[in-house]
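Quick notes on the structure that follows.
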Amino acid sequence: MANRKPLIAGNWKMNLTINEAVSLVNSVAEGIKDHQGMDVLVCPPFTALSAVKKALENTPICLGGQNMHWERAGAFTGEISGQMLTDVGCTHVILGHSERRLLFGESDEAVDRKISAAVKLGLTPILCVGETLAQRERGETLKILETQLTGSLAHSLKDKAIDPKLIVAYEPVWAIGTGKTASPHQAQEAHAFIRKWIRSNFGNQAAEAMRILYGGSVKPDNISELMAQQDIDGALVGGASLKADSFVGIIKNSQG
Ligand code: PGA
């Protein structure tokens, strides 16, 4: 890994009550007290953001949302705006997660709008991309990644500038919640491709600075071999971020 500060992010998805969320984050904060040198982020469900923010005071752990709408406010029943995320204390937002794309029909165009809105608000977007099993088996992985990057970063491509804070998460759909992790070699190949794409569209400096996370069944016992890969700068963790011991284990083991 180059000179990029690692980031371990927990995506709690639609899990945990407010009390459970606060208790989890308190245990995580306690467990990583002596571990510095990396960024840690938790992305609770919307209902727990405010309480978790309070629990995170005086800790280095950052807070993120799992999704947002691109408009600032208005008649969008059931939606949350980026402004609402910053208001509650979020610094990051996950955008274009495969569950949003596949279960809720989110298009690259919608993800692109959300990224632009997030960047304007100073939120750090975590753009998720990744292929399904059928796409991998047809040998389409890199083509799918390219399509998702091109569509989800259309505004940045038009402006010929990318937010230097933007983070990409490579999450092969077949590895999410299945217990099947991409091999370090498979993950590295995808990460190297993403960095190359960033380099050819936004230049070497942007490519070298960009953090690219791996996501998909990350656990304490597979994180270190993933982190040993040159282009893997951290992880976006689902299931294993819901238990303090496994999330703390991932953070500790990611430091090699
Ligand atoms: P998982 O989920 O770690 O449970 O596979 C990862 C994600 O969806 O971000």
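All of these numbers come straight from a predicted model, not from anything done at the bench. Start at 1 and go down the list; that is how both ligands and their atoms are numbered.
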Atom indices of ligand 1, in the order listed, that fall short of 4.0 Å to a heavy atom of I176 | 2 (O), 5 (O), 8 (O)
Please determine if R195 and E208 form a salt bridge, counting it only when a charged side-chain N lies under 4.0 Å from a carboxylate O.
-> no
At a non-hydrogen distance cut-off of under 4.0 Å, which region of N11 contacts ligand 1 (side chain, backbone, both, or neither)?
-> side chain
Look at ligand 1 and say whether S217 reaches it with a heavy atom at a distance under 4.0 Å.
-> yes
Is K165 paired with D163 through a side-chain N to carboxylate O contact shorter than 4.0 Å?
-> yes
Which class fits the ring pair W197 and F202: parallel under 30°, tilted 30 to 60°, perpendicular over 60°?
-> perpendicular
Starting from atom 9 (O) of ligand 1, find the nearest protein heavy-atom neighbour and note its residue, name and distance.
-> E171 OE2, 2.7 Å
Non-hydrogen atoms of A175 versus ligand 1: any pair closer than 4.0 Å?
-> yes
Salt-bridge contact E30-K33 (side-chain N to carboxylate O under 4.0 Å) | yes
Under 4.0 angstrom from ligand 1, any heavy atom of G216?
-> yes
Please state which protein non-hydrogen atom is closest to atom 4 (O) of ligand 1 and give its distance, to 0.1 Å?
-> G239 N, 2.8 Å
Yes or no on side chain to side chain contact (heavy atoms under 4.5 Å, CB included) for V42 and S241, after CA distance, side-chain angles and deciding distance?
-> CA-CA 8 Å; V42 292; S241 71; over 6 Å; no
Between C62 and L56 the two heavy atoms that sit nearest each other are O-CD1, 4.2 Å
Of the choices G130, G177, G238, S241, which has the non-hydrogen atom that lies closest to atom 5 (O) of ligand 1?
-> G177
The atoms of ligand 1 lying under 4.0 Å from a heavy atom of H97, numbered in the order shown, are 7 (C), 8 (O), 9 (O)
Before accepting this row, confirm whether a basic side-chain N of the pair K158/D112 lies closer than 4.0 Å to the acidic partner's carboxylate O.
-> no
